[in-house]
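Report on one structure; see the data block that follows.
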Amino acid sequence: MKAAPLIQATGLCKTYGDGARITVLNGLDLSVAAGESVAVIGKSGVGKSTLLHILGTLDQPTEGRVLFGGADIFALNDREQAAFRNREVGFIFQFHHLLPDFSALENVMMPALIQGRGAAEAEEQARGVLERVGLGERLTHKPGELSGGEQQRVAVARAVAQAPRVILADEPTGNLDPGTGGEVHALLLELNRTQGMTLVVVTHNEELARLADRRLRLSDGKLHE
């Protein structure tokens, strides 16, 4: 028997505006298996980021629903959704959004501290994941002392430090040069394959998208194989 998908989005619609309404998603369906890597490609403005934000409960659909592990995530209240994001989802964005006054180690520790874990445990966990992404010698450096690629690696480490079940990456290499971007994308796929983390990434880079298990194109508000 085929296992149930980890993520199941059904009939997603998203419209903006009260007068001249703009429809971004229009009856979109998406099924993602646990441990799968899926790349979503498409032109700017078609709704790729909107889709990712809905999957991570950063935004709500106008219609439709999203099941995560069989549970409707939009049936949760605000506090429960916040706990879901902190526990189950690792977000990576085009811009790293690191805290400039904190070191790489402190930035990666932050999600664990928010969860209420002790500082010693959070530090050990953060140190280990930073070493895994090749930044073991840069633990005490602040973001301004790191290259763009190193900053994004810290952002990746922060996203995966709590071993989330899914990584949602929104143009994670869009602000990097091609060589550095390729390294970060390869790192994400390596974590997907070695750690079993489900990966959904939206990108303009079709060459990088081809490395994922499955590539989907978003157009006219729907996903196409």
Side-chain angles (χ1 to χ4, degrees), residues 34-41 52 56 85-115 117-215:
E36 187 178 17
S37 61
V38 176
V40 178
I41 59 177
L52 216 64
R85 288 190 295 270
N86 185 266
R87 182 181 64 251
E88 304 284 8
V89 183
F91 291 99
I92 305 169
F93 301 99
Q94 178 174 349
F95 299 99
H96 51 76
H97 297 301
L98 299 177
L99 299 171
D101 295 329
F102 292 85
S103 68
L105 183 65
E106 291 165 336
N107 267 280
V108 178
M109 288 172 60
M110 204 62 66
L113 297 176
I114 291 172
Q115 278 189 8
R117 298 189 182 186
E121 179 186 0
E123 180 175 343
E124 180 181 3
Q125 186 180 56
R127 187 181 297 271
V129 74
L130 281 166
E131 290 173 353
R132 192 189 313 159
V133 302
L135 292 176
E137 303 299 319
R138 310 288 274 171
L139 301 179
T140 61
H141 290 68
K142 294 181 179 179
E145 300 170 319
L146 302 172
S147 70
E150 288 173 333
Q151 291 173 1
Q152 195 65 314
R153 282 176 176 268
V154 175
V156 171
R158 180 182 57 189
V160 305
Q162 303 306 300
R165 293 169 71 185
V166 61
I167 303 170
L168 300 178
D170 188 357
E171 296 286 3
T173 62
N175 199 39
L176 303 174
D177 65 80
T180 304
E183 292 175 1
V184 170
H185 202 275
L187 172 62
L188 289 173
L189 290 171
E190 178 188 348
L191 290 168
N192 159 252
R193 289 162 185 163
T194 61
Q195 305 297 315
M197 297 177 186
T198 304
L199 173 64
V200 181
V201 55
V202 303
T203 180
H204 284 99
N205 192 321
E206 297 206 25
E207 290 186 12
L208 296 179
R210 290 191 186 98
L211 299 175
D213 296 329
R214 191 155 48 105
R215 185 177 56 152

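Only this structure's heavy atoms are used, side chains among them; waters, hydrogens and symmetry mates stay out.
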Checklist entry - When Leu146 is tested against each of Arg138, Gln152, Arg153 for side chain to side chain contact (heavy atoms under 4.5 Å, CB included), which residue passes? => result Arg138
Checklist entry - Parallel, tilted or perpendicular for Phe93 and Phe91, by the 30°/60° rule? => result parallel
Checklist entry - Within a radius of less than 6.0 Å around CD of Gln195, do more than 12 heavy atoms belonging to other residues, nucleotides or ligands occur? => result yes
Item to check | Leu188 side chain reached by Ile92 side chain, heavy atoms, under 4.5 Å | outcome: yes
Checklist entry - Does Arg158 reach the side chain of His97, with side-chain heavy atoms less than 4.5 Å apart? => result yes
Item to check | Pairwise distance CD(Glu137) to CD(Glu150) - rounded to 0.5 angstrom | outcome: 11.5 Å
Item to check | Leu135 vs His141 side-chain heavy atoms within contact, under 4.5 Å | outcome: no
Checklist entry - Which distance, rounded to the nearest 0.5 Å, do you find between the CD of Gln162 and the CD of Glu88? => result 11.5 Å
Checklist entry - Are any side-chain N or O atoms of Asn107 and backbone N or O atoms of Phe102, one a donor and one an acceptor, separated by less than 3.5 Å? => result yes
Checklist entry - Hey, does Thr203 have a side-chain heavy atom less than 4.5 Å from the side chain of Ile41? => result yes
Next on the checklist: Minimum heavy-atom separation for Ala112 and Ala122, please, with both atom names.
Outcome noted: CB-CB, 3.7 Å
Checklist entry - Nearest heavy-atom pair of Leu189 and Ala212: which atoms, and what distance? => result CD2-CA, 4.3 Å
Checklist entry - Can you name the closest pair of heavy atoms from Ala119 and Met109 and give their distance? => result O-CE, 3.7 Å
Checklist entry - Which distance, rounded to the nearest 0.5 Å, do you find between the CG of Leu139 and the CG of Leu130? => result 5.5 Å
Checklist entry - Hey, are the side chains of Val154 and Pro143 touching, using non-hydrogen atoms and a 4.5 Å cut-off? => result no
Item to check | Pairwise distance CG(Leu105) to CD(Gln125) - rounded to 0.5 angstrom | outcome: 11.0 Å
Item to check | Gap between atom CD of Glu106 and atom CG of Leu113 - 0.5 Å precision | outcome: 9.5 Å
Checklist entry - Salt bridge or not for Glu123 and Arg127, using N-O below 4.0 Å? => result yes
Next on the checklist: Any side-chain to backbone donor/acceptor pair from Gln151 onto Leu98? Under 3.5 Å, distance only.
Outcome noted: no
Checklist outcome for this item: Heavy-atom nearest pair, Leu191 first then Val160, reads CD1-CG1, 4.0 Å
Next on the checklist: In the structure I gave you, are the side-chain heavy atoms of Val89 and Pro164 within less than 4.5 Å of one another anywhere?
Outcome noted: no
Checklist entry - Where the side chain of Glu131 meets the backbone of Gly136, is there a donor-acceptor pair that is under 3.5 Å apart? => result no
